[in-house]
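Below is one structure, written out as structure tokens, with a few remarks after it.
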Amino acid sequence: MIGSQRAVDPEFSWYDENGQMIQAFHPYFPSSAQRLVPDEVARFDIEVRPTAVQINEGERLRITVSTSDIPFAFRTVDMVLDLVGSSYLVQRNSIYPSSVTVPMLDPTSFVLDCAICGIDSQSQ
């Protein structure tokens, strides 16, 4: 995710039954760009493309934060010029806690509704 494109569209983001965001949707439009300010902490709701996997008791998840998302997030020349010499620091403390939301679902609970795709399981 490009830091300046961290804006979230709540209408197309996914939420669990408690209203907690479980999948952020970023519009990635020039009009939604938000420049980062050096030395100022900014919130990033990073989307992770959904997958379904069985996680057994005792297994662990490893989160790797990387600086690339090829082929999904190519940078323009202007973006590359803004990035030269920059760095990101991930905050993991009591003032700026980091977290990962991992929704756990019963495999039989999946439906084919998708507001973005226009799929409605009721009509199938």
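Start at 1 with the first residue, then count along the sequence.
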Are the side chains of Pro97 and Arg92 in contact, using a 4.5 Å heavy-atom criterion? no
Determine, using the 4.5 Å side-chain heavy-atom cutoff (strictly less than), whether Ile46 and Leu36 are members of one ILVMFWY cluster. yes
Distance-only, no hydrogens or angles: does the Asp9 side chain make a donor-acceptor pair with backbone N or O of Glu11 under 3.5 Å? yes
Hydrophobic clustering (ILVMFWY, side-chain heavy atoms < 4.5 Å, transitive) - are Ile63 and Val102 grouped together? yes
In terms of heavy-atom contacts, Gln5 and Ser32 come closest through OE1-OG, 3.3 Å
Has Asn56 got more than 12 heavy atoms of other residues, nucleotides or ligands less than 6.0 Å from its CG? yes
Ignoring hydrogens, what is the shortest heavy-atom contact between Asn18 and Asp16? Give both atom names and the distance. N-OD1, 2.9 Å
Partner set under salt bridge (charged side-chain N to carboxylate O under 4.0 Å, His left out) for Arg35, not counting sequence neighbours: Asp82
Are Leu61 and Val100 linked, directly or through other ILVMFWY residues, by side chains that come within less than 4.5 angstrom of each other? yes
What distance separates Ser98 OG from Asn93 CG, expressed to the nearest 0.5 Å? 8.0 Å
Between side-chain atoms of residues 21-29 and protein atoms elsewhere (two or more places apart, or another chain), which donor-acceptor pairs fall under 3.5 Å?
| from | atom 1 | to | atom 2 | distance (Å) |
| --- | --- | --- | --- | --- |
| His26 | ND1 | Arg6 | O | 3.4 |
| His26 | ND1 | Ala7 | O | 2.8 |
| His26 | NE2 | Asp45 | O | 2.6 |
| Tyr28 | OH | Glu47 | OE1 | 3.2 |

